[in-house]
**Student:** 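The structure's right below; bear with me while I get my questions together.
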Amino acid sequence: MSLIEARDVHKSFGTTPALRGASVAAGQGEILAIMGPSGSGKSTLLHCLAGIFTPDAGEVWFDGRRLDTLDEAARTKLRRTAFGFVFQFGQLVPELTAADNVALPLLLNRGRRRQAYDTARTWLGQLGLADKGGRRTGELSGGEAQRVAVARALALAPKVIFADEPTGSLDSLTGEKVMDLLTGLARDQGTTTVIVTHDARVAAYADRVIMVRDGLVSFDLGPADEPAARHAASPSSASSSSVAKAVN
């Protein structure tokens with residue numbers, strides 16, 4: 001059973017087509033990587049799956065409901081309650097502290113202030129940031145800020161996490177640490193995770209990898225040959241190499 005699915009999705013920006021009939025599905029608890037060259041349409045596909053963009057044609061389904069036909073208010077509510085987001089630069093609110101940023105979505109959902117901040121502190125602690133909660137995001141390193149973004153995404157206990165180039169602004173070692181945390185915690189929570197990346201090392205964390213080229217899903221690499229290797233603390237060089245070869 002698919003939890004989230006795009007069916008023959010088309011999307012253009014002006015006269016420029018970004019998606020030309022892309023289809024993809026992800027099941028409950030699955031970690032899916034979407035790869036492709038720059039301009040291939042992979043981020044547009046993620047944004048359509050997340051209800052940020054409305055496709056020009058085709059269908060997007062989430063948890064048995066047609067997502068693309070909902071009005072903007074209903075899609076916004078879903079993004080606020082059922083979806084978590086981790087972007088390349090975190091997109092944290094710079095004027096707020098780390099704890100404020102993690103608590104903010106909970107407060108927007110009318111959660112109680114004390115409970116929201118207790119949850120924020122719990123997640124920051126799980127991500128090794130227990131002593132950073134009172135610091136503004138500008139005082140954090142890139143890796144710390146991205147871990148705050150992961151904490152914010154997971155604090156709502158979302159059904160789906162959408163991550164768009166989550167390690168793109170990080171060095172390789174910090175990126176691996178962030179991916180270890182993101183995928184490990186997502187698996188612990190049974191959260192479906194959709195990751196857009198151009199990096200084979202990031203894709204090697206996924207259960208399944210698809211390639212997008214010219215607005216279409218050109219091929220699906222299918223599940224990992226050795227699932228246990230994908231669930232390890234970091235991807236093996238062998239699994240990274242196999243993804244890279246398939247992509248290239």
Side-chain angles (χ1 to χ4, degrees), residues 29 31-33 46 50 52 79-199 201-206 230-235:
I31 296 179
L32 173 71
L46 180 142
I52 297 171
R79 292 195 298 269
R80 202 174 61 231
T81 58
F83 299 159
F85 297 91
V86 182
F87 295 104
Q88 179 173 350
F89 297 106
Q91 294 194 348
L92 303 174
V93 181
E95 295 82 10
L96 300 181
T97 66
D100 292 336
N101 271 279
V102 178
L104 182 60
L106 300 168
L107 295 171
L108 291 174
N109 282 338
R110 299 183 179 179
R112 293 183 176 180
R113 182 177 180 83
R114 182 173 179 178
Q115 186 176 3
Y117 277 90
D118 284 347
T119 300
R121 283 189 289 269
T122 296
W123 277 107
L124 289 171
Q126 284 193 253
L127 288 153
L129 298 169
D131 60 339
K132 307 291 185 182
R135 296 195 179 185
R136 286 186 167 83
T137 56
E139 300 173 312
L140 303 175
S141 69
E144 289 169 343
Q146 199 65 315
R147 278 185 280 162
V148 173
V150 171
R152 182 184 60 186
L154 287 161
L156 283 168
K159 290 188 175 182
V160 185
I161 290 176
F162 295 98
D164 195 350
E165 300 287 4
T167 66
S169 61
L170 305 175
D171 62 76
S172 59
L173 180 59
T174 304
E176 283 186 11
K177 290 179 179 178
V178 167
M179 287 304 301
D180 288 343
L181 290 164
L182 175 60
T183 56
L185 290 168
R187 291 190 194 284
D188 289 344
Q189 300 292 316
T191 306
T192 300
T193 307
V194 181
I195 304 168
V196 162
T197 184
H198 67 279
D199 189 338
R201 292 170 297 181
V202 172
Y205 283 88
R230 298 291 177 90
H231 297 185
S234 61

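Everything quoted here is computed from the prediction, not taken from an experiment.
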**Student:** Would a distance-only check, ignoring hydrogens and angles, find a side-chain to backbone donor-acceptor pair under 3.5 Å from Q115 to L106?
**Tutor:** no
**Student:** Would you indicate whether the side-chain heavy atoms of T119 and T122 approach each other to under 4.5 Å?
**Tutor:** no
**Student:** Please lay out, stage by stage, how L185 and W123 fare under the test side-chain contact (heavy atoms from CB on, under 4.5 Å).
**Tutor:** CA-CA 10 Å; L185 290 168; W123 277 107; 3.9 Å; yes
**Student:** Any side-chain heavy atom of M179 sitting closer than 4.5 Å to one from P166?
**Tutor:** yes
**Student:** What are the two closest heavy atoms between E165 and T197, and how far apart are they?
**Tutor:** OE1-CA, 3.5 Å
**Student:** Quick check against the 3.5 Å criterion: does R136 have a side-chain atom that pairs as donor or acceptor with the backbone of L96?
**Tutor:** no
**Student:** Quick one: does K177's side chain get under 4.5 Å of L173's, heavy atoms only?
**Tutor:** yes
**Student:** Quick check: closest heavy atoms across T137 and P94, and the distance to 0.1 Å?
**Tutor:** OG1-CA, 3.2 Å
**Student:** Side-chain contact, heavy-atom cut-off 4.5 Å: L32 with I195?
**Tutor:** no
**Student:** Would you call R201-E176 a salt bridge at under 4.0 Å N-O?
**Tutor:** no
**Student:** Taking all heavy atoms of R80 and all of L108, pick out the closest pair and write down the distance.
**Tutor:** NE-O, 3.9 Å
**Student:** Quick check against the 3.5 Å criterion: does T193 have a side-chain atom that pairs as donor or acceptor with the backbone of T191?
**Tutor:** yes
**Student:** I'd like to know if the side chain of T192 reaches the main chain of V160, judged simply by a donor and an acceptor atom lying under 3.5 Å from each other, with no hydrogens or angles considered.
**Tutor:** no
**Student:** Specify the closest pair of heavy atoms between A103 and A116, including all atoms of both residues, with the distance to one decimal.
**Tutor:** CB-O, 3.9 Å
**Student:** First locate atom CZ of R112, then atom CG of D118, and finally report the distance between them rounded to the nearest 0.5 Å.
**Tutor:** 12.0 Å
**Student:** So, Q189 side chain and A186 main chain: donor-acceptor pair closer than 3.5 Å or not?
**Tutor:** no
**Student:** Check whether any side-chain heavy atom of L124 sits under 4.5 Å from a side-chain heavy atom of V102, and report yes or no.
**Tutor:** yes
**Student:** Rounded at 0.5 Å granularity, tell me how far CG in L92 sits from CG in N101.
**Tutor:** 4.5 Å
**Student:** For side-chain contact (heavy atoms from CB on, under 4.5 Å), just list the numbers for L104 and R152, CA-CA rounded to whole Å, side-chain angles, deciding distance to a tenth of an Å, and then say yes or no.
**Tutor:** CA-CA 8 Å; L104 182 60; R152 182 184 60 186; over 6 Å; no
**Student:** Could you walk me through whether L156 and N109 pass the side-chain contact (heavy atoms from CB on, under 4.5 Å) test, one step at a time?
**Tutor:** CA-CA 9 Å; L156 283 168; N109 282 338; 3.3 Å; yes
**Student:** Quick one: does F85's side chain get under 4.5 Å of Q91's, heavy atoms only?
**Tutor:** no
**Student:** So, for V86 and A149, which heavy atoms are closest and what is the spacing to 0.1 Å?
**Tutor:** CG2-O, 4.0 Å
**Student:** State the CD-OG1 distance between E144 and T174, to the nearest 0.5 angstrom.
**Tutor:** 9.5 Å
**Student:** Test V93 against D100 for side-chain contact (heavy atoms from CB on, under 4.5 Å), laying out the working first.
**Tutor:** CA-CA 9 Å; V93 181; D100 292 336; over 6 Å; no
**Student:** Okay, side chain of T167, backbone of L170: is any donor-acceptor separation there less than 3.5 Å?
**Tutor:** no
**Student:** Closest heavy-atom contact between P158 and A82?
**Tutor:** CB-O, 3.4 Å
